[in-house]
Structure formats: C-alpha cells, structure tokens
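Atoms within a ligand are numbered from 1 in the order they appear, just like the ligands themselves.
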Amino acid sequence: MKQTFKTVLATVMAMSCLGSWAQWGAPADPNPTVKLKDAYKNYFLIGVALNQRNVSDDKQIALVKSEFSSITAENDMKPGELHPKEGVWNFEKADKIANFCRQNGIKLRGHCLCWHSQFADWMFTDKKGKEVKKEVFYQRLREHIHTVVNRYKDVVYCWDVVNEAIEDNPRPSFANGKFTPGSPYRQSRHFKLCGDEFIAKAFEFAREADPNALLFYNDYNECDPGKRDRIFDMVKKMKDAGVPIDGIGMQGHYNVYGPTEEEIDVAITKYSTIVKHIHVTELDIRMNTEMGGQLRFSRGEAKPVAGYMNTLLTDQYNRVFKVFRKHKDVIDCVTLWNLGDRDSWLGVNNHPLPFDENYKPKQAYYAIKNFDAKLDNAQLKEDFVPNPCNQPGQEWPKVNSQGYARFRVEAPDAKSVIVSLGLGGRGGTVLRKDKDGVWVGTTEGPMDPGFHYYHLTIDGGVFNDPGTHNYFGSCRWESGIEIPAPDQDFYAYRKDINHGNIQQVTFWSESTGKMQTANVYLPYGYGKLVKGKNGKLEQTRYPVLYLQHGWGENETSWPVQGKTGIIMDNLIADGKVKPFIIVMAYGLTNDFKFGTIGKFTAEEFEKVLIDELIPHIDKNFLTKADKWNRAMAGLSMGGMETKLITLRRPEVFGYWGLLSGGQYAPEEIKDPKAVKVIFEGCGDKENPAGINKSVADLKAAGYNAHGFISEGTAHEFLTWRRCLREMAPLLFK
Ligand code: XIL
C-alpha cells in the first residue's frame with residue numbers, strides 16, 4: 001500500500017493517542033480466518049449459552065456457527081421452563097435450540113435437571129398445596145429427568161444434573177451448649193426434604209435415562225477455597241458411594257479482579273483428582289465483585305466502557321484461558337455464558353463477554369483466540385536487574401536478559417494498577433497485589449528491544465512510575481524503560497573515547513511570539529584552535545544536521561531517548577563519521593489538531609526553522625552555512641515536517657532523511673540535482689515494504705537513495721537510534 005502523507009500522519013496520530021507506546025505493530029487480528037473453536041481444537045470445545053433471539057437472527061446464527069463448538073440453552077431446558085406444572089410440558093423453545101444444534105452439527109450441553117432456582121416447584125407439593133413425601137418427589141423428579149434426557153439424548157452429550165447444591169457461607173450454630181458446624185449444603189427445598197440424598201437420586205435417574213451422557217455436578221464460586229473444598233468433599237463422598245458423577249462443572253462467573261490464576265489452578269488440580277471431566281460451564285467476567293444476577297446494571301442502552309476496565313477484562317480472560325489451556329487434559333469444554341454483552345444476564349453495561357453489545361469482538365476475544373502457545377510454556381529467566389532508566393537508588397522496574405519487564409508499585413488502597421507496557425493489543429500489563437499488598441507483575445512476553453515510554457493507570461488515573469526517570473513523549477513526561485538490545489553497544493557510553501557535548505540554546509521566535517528552545521550536539525574538538533592550511537591557528541567549521549522529534553515529543557527526545565550524542569561520539573571515534581553538528585529543535589509549533597490532519601502543512605515550523613533557528617545557529621556556532629553542508633531529517637511527525645519542508649525549500653538542505661516518517665516519490669522532487677542523499681528507514685514491524693519500494697523507485701530515477709529496515713523493532717526509539725547510526729555516515733560526503 002502506498003503510504004500517503006495523510007495515512008502516515010493518521011497512523012502516527014492514532015498511535016500517539018493510544019497512550020501506550022510499547023510493542024507497536026501488533027495487528028488487531030493476525031489470524032482472521034481462525035475462529036475461537038479452531039484456535040482451541042487441540043485443547044477443548046468452546047461453548048456458548050444461547051437464548052431464542054440468538055437462534056433467530058441471521059447475524060447471530062452466523063457468529064455462533066463460526067466461533068463455537070458447543071451450545072448450552074441459557075434458560076430453555078431448565079425444569080421451570082420445560083415443566084412448569086404437573087403434566088404440562090413446554091418443549092418448543094428447547095426444541096428450537098436442540099434442532100439448531102442438530103442441523104448444524106454442534107454439540108449440546110444439557111442444562112440443567114435439578115436446581116433450587118427456576119425449578120418445577122410443583123414437585124414439592126400435592127394438589128392441596130401440602131408438602132409431599134420425598135418418595136413422591138423422587139418419582140416426579142425421575143419422570144422429569146427421564147422425559148427430558150430421552151427427548152434430547154441424540155444431541156445432548158452431557159448434563160448438568162445437579163446445580164448449585166453447596167452452601168456459600170455455612171453458618172455454625174451454638175445452642176444449648178452444643179456447637180453444630182454449618183451445613184456444607186444449600187438449605188434448599190430439595191435438601192430440606194431429602195437431605196443430600198436428592199443429589200444421588202438425580203444422578204441415578206439421569207444415568208438410567210442415558211448411560212452415554214456425561215453427568216456433571218455444576219456450581220459457582222468454585223475456586224473459593226472454602227466452597228471448593230465443600231464441593232470436592234461432596235462429590236468425593238458421592239462417588240465413593242457409587243453415585244455416577246462423571247464431571248464437575250465450574251461455572252466460572254468471575255470478575256476482573258479475581259479469582260487469581262493460582263486459585264483457578266488449585267481448584268482444577270484438586271477436582272481432577274476425583275473426576276475425569278471438568279467443564280467450565282458459564283464463563284463471564286464481571287466488572288464488579290458482587291455475585292448474583294441482580295446487578296443493577298442497566299439493560300438499556302449500552303454505555304461505553306472505560307478503557308482501563310476493558311484492559312482489566314482482557315487481562316483476566318487472558319489469565320483464565322491460560323490456566324484452562326494448562327489443564328487441557330481434564331478440561332473438555334469452556335462455555336461462555338451468553339453470546340454478546342447485549343444478552344448477558346449481568347446487563348449490557350457490565351460488559352462481561354468477549355463480544356460486545358453489537359457482537360463485535362473485543363480485545364478480550366483476540367487475547368483468548370490469538371494466544372501464543374510458546375508463551376504458555378516459556379521459561380522465565382530470573383536474572384532481572386534494575387532498569388537502566390531508573391532514578392538513582394531505585395530497584396524497580398527491572399528487566400531480564402530475555403526482554404521481560406517486571407514492575408512493582410506501592411498503592412495500598414488501589415483497586416487496579418495497570419502498566420501501559422505489554423504485549424501488543426492488550427492495553428498493557430495488569431499488576432496484582434502480592435502477599436505483602438504490593439502491586440507486582442511481569443510482562444507476558446519479551447518486549448521489543450530498546451526504549452519504551454510507559455505510564456501507570458491506577459484506578460483509571462494516569463501516573464508515572466516513581467522508579468524511573470521521565471521522558472517527554474505523548475505531550476507529557478512519561479516513565480521509560482530500556483530493554484536490552486543485541487546491538488546496544490552502539491549507543492553505550494565508552495570511557496576510552498572523546499565525548500562531545502550537548503548544549504541548550506534559546507532564541508527569540510518572531511513568528512510564534514515566544515522564546516523557543518533547541519539542543520545542539522557539538523562534536524568533541526568543537527571550538528578548538530587548530531593549524532589551518534596556511535599554518536595559521538583557526539577554528540574548524542562544521543556541517544549541520546537538523547534532526548526533528550516525533551509527535552508529542554520535544555527537543556529533549558533525540559538527545560535523551562535518542563542517545564544522539566553517544567551514538568555520534570562512538571561513530572566519530574570509530575572513524576565512521578566526520579564530525580558534524582546536530583540541532584534538535586522543538587517542532588510542535590504547528591497548529592496541529594484532530595480532524596485537521598489534511599491541513600497539516602508544517603508551514604509554522606518551517607518559519608521557525610528557516611527564518612529564525614538556522615540564522616541563529618549560523619550566527620552563534622561555527623557552521624558551514626550552505627545547502628551542501630546542511631541536512632534535515634526527522635522521525636515520525638518530524639519526518640513529515642522534513643518531507644514537506646525539504647520539498648518546498650530545496651535550496652536550504654542538501655541531505656534529506658525520513659525515519660518512520662513517510663517516503664519521497666521521485667515525481668515529488670522537482671529537480672534531480674536538489675538532493676545529494678535521501679535516507680529512508682523504519683522498523684520491520686512498521687512498513688518496510690513501503691520503504692523498500694520508495695528507495696527502489698528513487699534509485700531507478702537516478703537519486704542516491706538509501707533504505708534501512710531495523711530488525712525486531714516498531715515505531716519506537718531503537719528504530720531511530722539505528723537509523724541515525726546508518727544515516728550519519730552518508731551525510732556531507
Ligand atoms: C441465569 C440466566 O442467565 C438468566 O437469564 C436467568 O434469569 C437466571 O439464570 N447459574 C446457572 C445459570 O447455573 O443457569 C444461571 O443462568 C446463572 C447462574
């Protein structure tokens with residue numbers, strides 16, 4: 001694709017606005033033809049709970065068919081729906097879902113046969129409203145289970161036979177001097193009438209009706225240590241007594257703060273010691289911590305979710321699926337409780353699902369689907385050392401030799417802490433409180449080498465990490481981190497060589513009506529008296545490169561993040577570059593607003609640069625003040641400024657460089673003699689094809705063009721440090 005000025009600018013603007021600069025270049029969906037069920041075909045079935053609307057609307061039907069390999073009826077197979085009165089059966093809706101599964105060859109999970117809620121409560125009373133004996137109840141339950149299981153046994157592969165029979169908070173009692181521990185069982189009508197025998201009976205009836213279906217006990221809060229153990233003890237007791245329980249259904253009604261991976265991992269590990277099958281039966285991740293369906297989240301118009309909440313959601317989905325994948329040997333199905341946020345029993349504004357209210361995939365969907373199997377088994381090296389960008393005496397953040405970054409933030413009362421740095425498309429790295437109450441976390445994978453801006457989002461507010469120095473990017477001072485790069489020596493200080501210096505100049509800018517600032521790199525030896533040709537002592541004059549920063553940055557970005565001075569000192573010491581001056585000015589003097597991208601002309605900056613800054617530099621420094629000793633280059637937006645200004649004012653600059661900042665086309669340059677060298681570079685995670693094509697076209701048209709693609713980097717400073725390293729030797733030859 002030809003990158004026009006507008007598209008480059010749009011991309012840069014979009015990138016800048018996202019706030020997180022890390023790991024650029026990860027597309028939203030690198031595998032659009034692979035759907036959820038395909039991504040997990042070697043792991044487990046991916047299921048979804050459906051209502052009638054889901055199977056009546058073409059768009060929703062198409063989504064179900066493409067993404068899912070198992071279906072649960074959200075409500076339509078529950079006893080209260082199917083069998084509201086003795087002898088009254090409503091099969092219509094359940095049949096519709098079953099037929100949908102039959103027609104499309106999708107497996108159906110039966111849900112559910114015996115539950116305290118949405119139950120056929122008539123089973124408990126006789127015609128006069130009097131409580132029946134448990135034998136009567138069993139007879140009715142048996143008939144119900146046999147009828148339902150038989151009707152759907154051709155398509156239902158497993159049943160949630162008993163649902164939610166375990167107590168959340170058992171209450172011990174102390175009466176008449178006697179201590180009674182709280183019952184592990186929910187005090188339901190079923191339990192009150194039959195004790196825990198009803199559980200055994202329900203499973204026996206289901207097994208009679210279909211010896212081939214897998215039979216599950218299903219419950220929520222299943223990772224809470226207390227409830228987990230009560231569920232475990234009950235299932236174990238039943239199995240020891242010969243009750244046909246094949247599996248445990250972990251409902252998976254989680255929230256963005258918990259459970260932790262460890263809690264899920266421990267629960268699955270424990271359950272798998274007594275059952276061969278675990279299904280995650282009702283997965284959703286709510287934005288609040290309270291349980292239950294009555295969550296006062298409006299079912300009306302969907303309101304947009306805060307960005308950081310969406311990051312928490314994505315992160316929690318990512319974490320829980322990682323644990324599920326680890327247990328693929330025992331987990332054979334993971335079902336999402338509803339198709340999209342619009343359907344959720346928690347309300348559309350709880351945003352708990354991977355598909356939004358319009359069934360569009362959210363970040364969470366991509367995180368689940370495009371998991372990296374290599375990272376699941378990655379061995380993290382514990383060789384973390386303090387980040388080179390840290391303030392004196394600060395241990396955190398740390399980086400390891402593989403490129404992982406680890407953070408530690410003290411915020412005792414915070415509910416959430418997110419570091420904007422992380423794998424692409426996730427919104428950052430979510431920290432979790434450790435046992436000391438300190439927020440800690442490690443990036444999920446290695447970061448691109450080089451420098452990254454980042455910040456913290458604590459409960460939705462943006463802060464810097466107090467551990468690191470600050471770097472100007474995104475129109476503010478941000479935290480920074482430096483990931484080791486294989487070639488990092490070219491921007492490392494060397495004690496064995498001479499060093500130039502960088503000084504700040506201020507100059508009056510008539511066109512903007514204020515003082516402006518620039519930083520000037522002066523090579524070692526600048527200003528020294530040396531013997532000239534005629535034997536007289538004189539001062540050397542130098543060519544000048546005007547080097548511009550990107551959008552949101554300023555005149556400090558090249559000297560500090562860009563390491564301009566160090567790179568130049570090293571190149572000069574190695575004899576690769578003849579000394580020259582570099583001027584790094586503040587370039588955001590343009591009136592640059594959203595929606596006016598097409599109007600970006602860099603005319604304001606052109607005035608500052610050409611009418612004000614260059615004369616100031618030529619007056620105050622030992623420069624060679626002519627076109628063939630003057631270059632202009634810039635990164636990103638600075639590249640666009642460079643392109644516009646060099647094309648308009650070819651008499652000023654003889655060398656032109658665009659670093660991740662677009663390309664020249666031969667037809668845009670009016671005079672082939674206008675420029676001696678054109679340099680274009682970018683990271684291989686940006687648009688290398690665009691650079692390669694442009695350089696080939698320029699060469700074909702007779703220009704001295706050079707292209708450079710930085711390996712393993714994106715729209716970030718290591719790309720531009722390397723570009724400077726490659727470009728500097730080409731200048732002023
Ligand atoms: C929920 C449904 O999603 C709601 O539409 C209905 O009003 C109440 O039940 N545990 C279960 C599910 O086993 O059947 C419940 O489904 C959610 C909690």
Q: Using the ring of each side chain (for Trp, its six-membered ring), is Y254 parallel, tilted or perpendicular to F324, with breaks at 30° and 60°?
A: tilted
Q: Describe, in one word, how the ring planes of W89 and H144 are oriented to each other, choosing from parallel (under 30°), tilted (30 to 60°) and perpendicular (over 60°).
A: parallel
Q: Going by the rule ring pair (Phe, Tyr, Trp, His ring centres under 6.0 Å), which residues pair with Y157 if we only count those two or more places apart in sequence or in a different chain?
A: none
Q: According to salt bridge (Lys or Arg N to Asp or Glu O under 4.0 Å), does anything in residues 115-128 pair up with another residue at least two apart or in another chain? List the pairs.
A: none
Q: According to side chain to side chain contact (heavy atoms under 4.5 Å, CB included), who are the partners of S272, at least two apart in sequence or on a separate chain?
A: I278, V330
Q: Would you call the rings of H83 and W122 parallel, tilted or perpendicular, where under 30° means parallel and over 60° means perpendicular?
A: perpendicular
Q: With the criterion set at N/O pairs under 3.5 Å, what does the list of contacts between the protein and ligand 1 look like, atom names and distances included?
A:
unit_1	atom_1	unit_2	atom_2	d
ligand 1	3 (O)	E74	OE2	2.5
ligand 1	3 (O)	W337	NE1	2.9
ligand 1	5 (O)	E74	OE2	3.1
ligand 1	5 (O)	N75	ND2	2.9
ligand 1	9 (O)	K78	NZ	3.2
ligand 1	9 (O)	Q118	OE1	3.2
ligand 1	10 (N)	E164	OE2	2.9
ligand 1	10 (N)	Q251	OE1	3.3
ligand 1	10 (N)	E282	OE1	2.9
ligand 1	13 (O)	H111	NE2	3.4
ligand 1	13 (O)	N163	ND2	2.9
ligand 1	13 (O)	Q251	NE2	3.3
ligand 1	13 (O)	E282	OE1	3.2
ligand 1	13 (O)	E282	OE2	2.6
ligand 1	14 (O)	K78	NZ	2.7
ligand 1	14 (O)	H111	NE2	2.7
ligand 1	16 (O)	K78	NZ	3.1
ligand 1	16 (O)	W337	NE1	3.4

